Amino acid sequence: MSTDSNTKKVKFFDKLKKDEFYKQLFKNPLTYVGAAVFLSILQMITLASTGNPWGVSGVLAYWGAWGFEALGGSVDKWYYFSSQGAQNVLNNGFLNHAPTWRNLGIIFGAAAAALLASGFKFKKIKSKRQVIAASLGGLLMGYGARLAYGCNIGALYSGIASLSVSGWVFAVGMFFGAIVGSKLLVKYFM
Amino acid sequence: MNEVVVDCYGEACPIPIVKSEKALADMAVGDLLIVQIDHSCAMKNVPEWAREQGYNVEVEEIDDGEWEVFIEKTK
């Protein structure tokens, strides 16, 4: 590429950076209320079109099972996957599982939003402690979400949106869990 | 006027806020705190929190996905 077209390109992105429409659409985050309204509309569409409330972490359990099966394992005898419904999902496969596509949409959508805002960055890992805490936290969250039949989306958000008491019970548990978590965070990471 | 820089690169919420709060507690009125962050949520909630405290706040994008939040301890 010639230097001439290079400078033209740089100029284009410099101009784009200052463009008000670009900033409003891609750069500035939505307000909390704006994002909440968007999410509510989308979860209503999800419930109306699929017949199931929005969930995220249940899908990850299936991803784990498919991964385990791909490596030669079998989850046929596992209590969690023993229902006919769960077996059907596993047999139909990754590509025919609609919630899987929704989760992929969240991952690629989030990446696209970060790229469009030119805010994408590979973050450096700060300490071994951070790796241990993140892995431990992830495992506990995943395990807890399966015990509770849902995460903060499936059990809390969709629970409350479906006028179920269980969502509120989950909220109380999560609130006290967050207090304990914050105390541990300040103790070990400050 | 003193300048204090807090490196929060690679740290997720709520660590940047807690670190800023701790740093500000040891600073004198008129000092400037610079919080370096690369977590887009912190880019929203650190300035919001600091403005709520009544401090002067400015955010500068220094690179793709990296920001510096300038907080002037005004009181």
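Every value quoted in this text rests on a predicted model; they were computed, and no experiment measured them. Here is the naming used below: chain letters follow the sequence lines, and residue numbers restart at 1 for every chain.
Here A/Phe120 is tied into one hydrophobic group with A/Leu115, A/Phe122, each link being a pair of ILVMFWY side chains closer than 4.5 Å. Other residues sharing the hydrophobic cluster of B/Tyr9, ordered by chain and number and joined by side-chain separations under 4.5 Å: B/Ile62.
Note that the NZ atom of B/Lys44 and the CG atom of A/Asn28 stand 9.0 Å from one another [nearest 0.5 Å]. Rounded to the nearest 0.5 Å, atoms NZ (A/Lys123) and CD (B/Glu11) are 11.0 Å apart.
Few gaps surround CH2 on A/Trp63; more than 12 heavy atoms of other groups in view lie less than 6.0 Å from it. Remark: B/Glu58 CD is loosely packed, at most 12 non-hydrogen atoms of other residues, nucleotides or ligands lying under 6.0 Å away.
The contact between A/Lys27 and chain B is made entirely by side chain atoms (from C-beta outward), counting heavy-atom distances below 4.5 Å. Heavy atoms closer than 4.5 Å to chain A are found in the backbone of B/Cys8, but not in its side chain. For A/Lys124, the parts sitting under 4.5 Å from any heavy atom of chain B are the backbone and the side chain alike.
With respect to A/Lys121 and B/Asp38, a salt bridge is recorded, a charged nitrogen being found less than 4.0 Å from a carboxylate O.
A continuous path of ILVMFWY side-chain contacts below 4.5 Å connects A/Trp101 to A/Val59, so both sit in one hydrophobic cluster. Residues B/Leu32 and B/Tyr55 do not share a hydrophobic cluster, clusters being chains of Ile/Leu/Val/Met/Phe/Trp/Tyr side chains in contact below 4.5 Å.
The shortest distance between side-chain heavy atoms of B/Asp7 and A/Lys126 falls below 4.5 Å.
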